[in-house]
Amino acid sequence: MSSIYPASLLDEVEIRSGRPPVLRAEITSDAPRWTAEHREALRAVVAEHGCVLIRGLGLHDVAGASAVFEQLSTRLMAEREAFAPRRTYADGVYSSAQWPPSQPMCMHHEQSYALEVPGLMLFACLTAPHQGGATGVADAATVLEELPTALTERFEREGWLLTRSYNDEIGSSLIEAFGTDERDAVESYCRANAIECAWQPDGALRTRQRRNAVIRHPVNGLRCWFNQVAFLNEWTLAPEVREYLVEVYGADGLPFNTRFGSGDPIGKDVVQLLNKIYEANTAREPWQPGDLMIVDNLRTAHSREPFEGPRDVLVAMADPVRLSDCSPTLEVTAR
């Protein structure tokens, strides 16, 4: 059966200021089949624009969304080093991260602290919230251009440092982050992934990993601001949350925090500047049930805005990319 859509779909994409690119499918059934027929065209749209929101697929359950994810990807990835718990629905198919609805999840690139990262992020909205909850997007090349040159040059020289503290009370557990709580297995994973680790007297694990903050897209060559410097920094937390965590766990025991690659603290002013530039370049569109969003994770940062009411957005990480293939500015080794 022939399709009413052109092979490229590019002419059908709606481009409006402040919104992600939108493509209206308006099909009545069999979203996986439609996706399979238009797989290469959809991927071409993402290559052109960095992301696309497809409206009208009628996705309403895990099975249908999972089938669409499988059609779009070359391979779905299992999450490792999670910073917040997720529900696993199927291999490579997860719930959104369990994060307080009243708190935003600021702009970030998924798994940018890993050595192998998702090339694509796939989102399927089964239930849209009553208010808020949009998955915002921002172009990483534009963000890099608008940041102060001296700041980006420092991050290019030094990279960024992620520190984490795992315990049984807050954030991801060892099993959620590493797939195991066996010390030997956790230590082996850390060695293989350039992560320093140290067990504390109370049994908690603390880790440090140094990563590149700026990469070059392996396909289109764009230089991109690619990291989670702002999102995982203490100054992005709500003030009352930060104060509580510091009081209970101490400044060095926060579930996660970021620093310059040298180990120097990142000031509140720097984090505020990063989030301000992200916000100035954010495109957003409220979710509708059945929507699908495809995001180039290297080129496009994403966020999750506060919301009210039930929100069920499935997530898949796909098409793994080794950061060593992205023209890193520093060699990543365990410190």
Side-chain angles (χ1 to χ4, degrees), residues 79-86 94 96-100 102-118 155 158-179 181 186-187 189-190 193-200 202-213 225-268 270-272 274-275 278 297 301-304 315 317 323 332 334-335:
E79 185 177 38
R80 288 290 182 266
E81 303 178 53
F83 62 82
R86 298 182 190 268
Y94 302 93
S96 298
Q98 296 174 20
W99 198 261
S102 61
Q103 298 294 322
M105 296 175 67
C106 298
M107 282 291 176
H108 61 284
H109 296 264
E110 202 71 28
Q111 299 276 292
S112 61
Y113 43 74
L115 298 185
E116 185 176 75
V117 305
F155 274 110
E158 299 181 6
W160 63 292
L161 188 68
L162 173 64
T163 62
R164 300 187 64 171
S165 182
Y166 297 88
N167 56 53
D168 295 328
E169 299 174 344
I170 188 169
S172 294
S173 67
L174 289 175
I175 290 178
E176 289 164 339
F178 298 102
D181 59 1
V186 170
E187 290 171 3
Y189 178 93
C190 289
N193 289 273
I195 301 171
E196 285 186 48
C197 64
W199 300 97
Q200 304 304 299
D202 62 358
L205 174 70
R206 291 186 182 177
T207 63
R208 289 162 50 100
Q209 55 212 90
R210 187 173 178 234
R211 297 294 186 255
N212 286 270
W225 177 251
F226 181 82
N227 54 71
Q228 282 164 254
V229 166
F231 176 38
L232 296 180
N233 188 273
E234 61 182 306
W235 296 114
T236 293
L237 294 169
E240 65 275 11
V241 174
R242 177 185 176 277
E243 290 172 7
Y244 169 78
L245 292 175
V246 170
E247 180 179 352
V248 173
Y249 299 104
D252 293 330
L254 294 174
F256 41 76
N257 200 3
T258 61
R259 292 174 173 265
F260 288 105
S262 63
D264 290 343
I266 296 174
K268 184 177 181 179
V270 172
V271 176
Q272 289 177 334
L274 293 174
N275 286 328
Y278 272 134
N297 186 49
H302 68 275
S303 64
R304 192 224 68 192
V315 178
M317 298 160 235
L323 285 188
V332 172
R335 290 167 63 87

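Small disclaimer: the values here were computed from a predicted structure and weren't measured. Computed from heavy atoms alone, side chains included, the values below leave out hydrogens, waters and symmetry copies.
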Between Asn257 and Thr163, a side-chain donor and acceptor under 3.5 Å: no
Could you check whether Glu187 and Tyr189, counting side-chain N and O atoms only, form a donor-acceptor pair closer than 3.5 Å?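 Note: Tyr189 and Glu187 side chains miss the donor-acceptor criterion.
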Supply the atom-to-atom distance [X] [atom1] to [Y] [atom2], rounded to the nearest 0.5 angstrom.
| X | Y | atom1 | atom2 | result |
| --- | --- | --- | --- | --- |
| Cys106 | Leu274 | SG | CG | 10.5 Å |
| Leu254 | Tyr249 | CG | OH | 10.0 Å |
| Arg211 | Asn227 | CZ | CG | 12.5 Å |

What residues form a side chain to side chain contact (heavy atoms under 4.5 Å, CB included) with Gln272, not counting sequence neighbours? Lys268
For Ala238, check side chain to side chain contact (heavy atoms under 4.5 Å, CB included) against everything at least two apart and list the hits.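 Counting only residues at least two positions away or on another chain, Ala238 forms a side chain to side chain contact (heavy atoms under 4.5 Å, CB included) with Gln103, Glu240, Val241.
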Could you check whether the rings of Trp99 and Phe231 sit parallel, tilted or perpendicular, using 30° and 60° as the cut-offs?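 The arrangement is tilted - the two ring planes meet at 30° to 60°.
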Report yes if the side chains of [X] and [Y] come closer than 4.5 Å at any heavy-atom pair, otherwise no.
| X | Y | value |
| --- | --- | --- |
| Val186 | Trp199 | yes |
| Val332 | Leu323 | no |
| Ser173 | Asp181 | no |
| Phe155 | Val229 | yes |
| His109 | Trp225 | no |
| Ser172 | Pro85 | yes |
| Asn193 | Phe178 | no |
| His302 | His108 | yes |

With sequence neighbours left out, what residues match Phe256 under ring-ring contact (aromatic ring centres under 6.0 Å, His included)? none
Non-hydrogen atoms of Tyr166 and Ala177 that approach each other most closely: CE2-CB, 3.5 Å
Please identify which of these residues, Arg304, Arg80, Arg86, meets the salt bridge (charged side-chain N to carboxylate O under 4.0 Å, His left out) condition with Glu110. Arg86
So does Arg242 get a backbone contact from the side chain of Glu234, meaning a donor-acceptor N/O pair under 3.5 Å?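 Judged by distance alone, no pair lies under 3.5 Å.
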